[in-house]
Protein chains: 2
Amino acid sequence: MIKFLLDYSSGMPIYRQIIDQIRFGIASGQLKLGEQLPTVRALAVELKVNLNTVSKAYKELEIRNILETQQGTGTFISQTAHIVPEKEREDKLREICTQFSSVALSYGFQIEDIIQTLRHIESSKK
Amino acid sequence: MIKFLLDYSSGMPIYRQIIDQIRFGIASGQLKLGEQLPTVRALAVELKVNLNTVSKAYKELEIRNILETQQGTGTFISQTAHIVPEKEREDKLREICTQFSSVALSYGFQIEDIIQTLRHIESSKK
DNA sequence: ACCTTTGTCATATAATAATAGTACACTATT
DNA sequence: AATAGTGTACTATTATTATATGACAAAGGT
């Protein structure tokens, strides 16, 4: 099961963040084809957002054939879900890195200090 | 002079994109301290957005002491821009790295890819 | 059959984002 | 003094985002 993480100060709408994380979750293998997603109500509670916000994200992905919904049963990753194009993954990675970089550097941090801190955080996770 | 580039389909509000690009421009050295920015009207025309949208971005940066405005003359990068007290820097570094790490990993990116991208961005700043 | 859980739909409300237009105040130049 | 160029302020309007409710429909278990 995927762990959703919202950034309420990013300026990106919540439903778009949900869409992104599902799409990239599939691309990165965190979400398997056919896997069931959290119910709209469960995810709404987990993310502390409205049911309609989650529903909007799911519905949009359903239109794109990335999700399949069975009313009364749940929402699933489509078996035929397309992979996010590699270029889009690279663009997204560069986008979030650029944004982070601008903030970090504006505080005067050096690239090596930043990387060292990131590695430390990563290694302390397990 | 900095080249602004908007992504109208990203979901991120335009005024926030302008804010981000100015901050990143300063951090990366594209914008020098004291340098004059485009006038609100000129930038509004260039970006094909409303005057008020640019004004909103400038005003917010002015509040944060990143920009200084002289009515009738123009808007400039502050000379004393964004120096963070030394004692807060370490906590801040860890904080923003943790936040960034969570977001990046939730997209399924690997730590080494992230670091490589950060290094690439850093080195491409000349 | 009944009930629960699921997704869906509809209405209303509020806040935010962006536009449009107008007017005003300040500064430098002529 | 007059003018052009600057930032600022204000009202109004529209679209988007998110919330709050309530009701309905479909699936599956009891």
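Protein chains get the first letters and strands the later ones, always in sequence-line order, with residue 1 at the start of each. Side chains included, hydrogens not; waters and symmetry mates left out as well; all remaining heavy atoms used.
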S.K.: Who passes salt bridge (charged side-chain N to carboxylate O under 4.0 Å, His left out) against A/Arg41, sequence neighbours left out?
M.R.: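 In terms of salt bridge (charged side-chain N to carboxylate O under 4.0 Å, His left out), with neighbours along the sequence ignored, A/Arg41 is linked to no residue.
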S.K.: A side-chain contact here means heavy atoms from C-beta on lying under 4.5 Å apart; do B/Thr39 and B/Thr75 qualify?
M.R.: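 No, too far: nothing below the 4.5 Å cut-off.
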S.K.: Between P on C/dA20 and NZ on B/Lys56, what's the gap in Å once rounded to a whole number?
M.R.: 16 Å
S.K.: Once you round it to whole Å, what is the distance between C1' of C/dA18 and CZ of B/Arg16?
M.R.: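 My rounded result for the distance is 15 Å.
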S.K.: Nearest-Å distance, CD1 (A/Ile14) to C1' (C/dT16)?
M.R.: 13 Å
S.K.: Does B/Asp20 reach the side chain of B/Met12, with side-chain heavy atoms less than 4.5 Å apart?
M.R.: yes
S.K.: Is there a side-chain contact between A/Gln99 and B/Gln17 in this structure, where contact means two heavy atoms from C-beta onward sitting under 4.5 Å apart?
M.R.: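 Heavy-atom side-chain distance check fails, nothing below 4.5 Å.
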S.K.: Take atom OH of A/Tyr8 and atom P of C/dA15, then tell me their distance rounded to the nearest Å.
M.R.: 19 Å
S.K.: Whole angstroms only, please: what is the CG-P distance between B/Leu6 and C/dA17?
M.R.: 15 Å
S.K.: With a 4.5 Å limit on heavy-atom distance, are the side chains of A/Tyr8 and A/Val49 in contact?
M.R.: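 In short, these two side chains touch, coming nearer than 4.5 Å.
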S.K.: Return the value, rounded to whole Å, for the distance between atom CG of B/Leu47 and atom P of C/dA18.
M.R.: 12 Å
S.K.: Do the side-chain N or O atoms of B/Tyr15 get closer than 4.0 angstrom to the phosphate oxygens (OP1, OP2) of C/dA17?
M.R.: yes
S.K.: When every nucleotide of nucleotides 4-11 of chain C is labelled 5' to 3' by its protein contacts under 4.0 Å (heavy atoms), B for base, S for sugar-phosphate only, - for none, what sequence of letters results?
M.R.: -BBBBBB-
S.K.: Check the side chains of B/His120 and A/Arg94 for a donor-acceptor pair under 3.5 angstrom, ignoring hydrogens and angles.
M.R.: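 No, no side-chain donor-acceptor contact under 3.5 Å.
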S.K.: In this structure, how many angstroms lie between the C1' atom of D/dA18 and the CD atom of A/Gln17, rounded?
M.R.: 13 Å
S.K.: Starting from P on C/dC26, measure out to CZ on B/Phe76 and report it in whole angstrom.
M.R.: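 Answer to the nearest Å: 18 Å.
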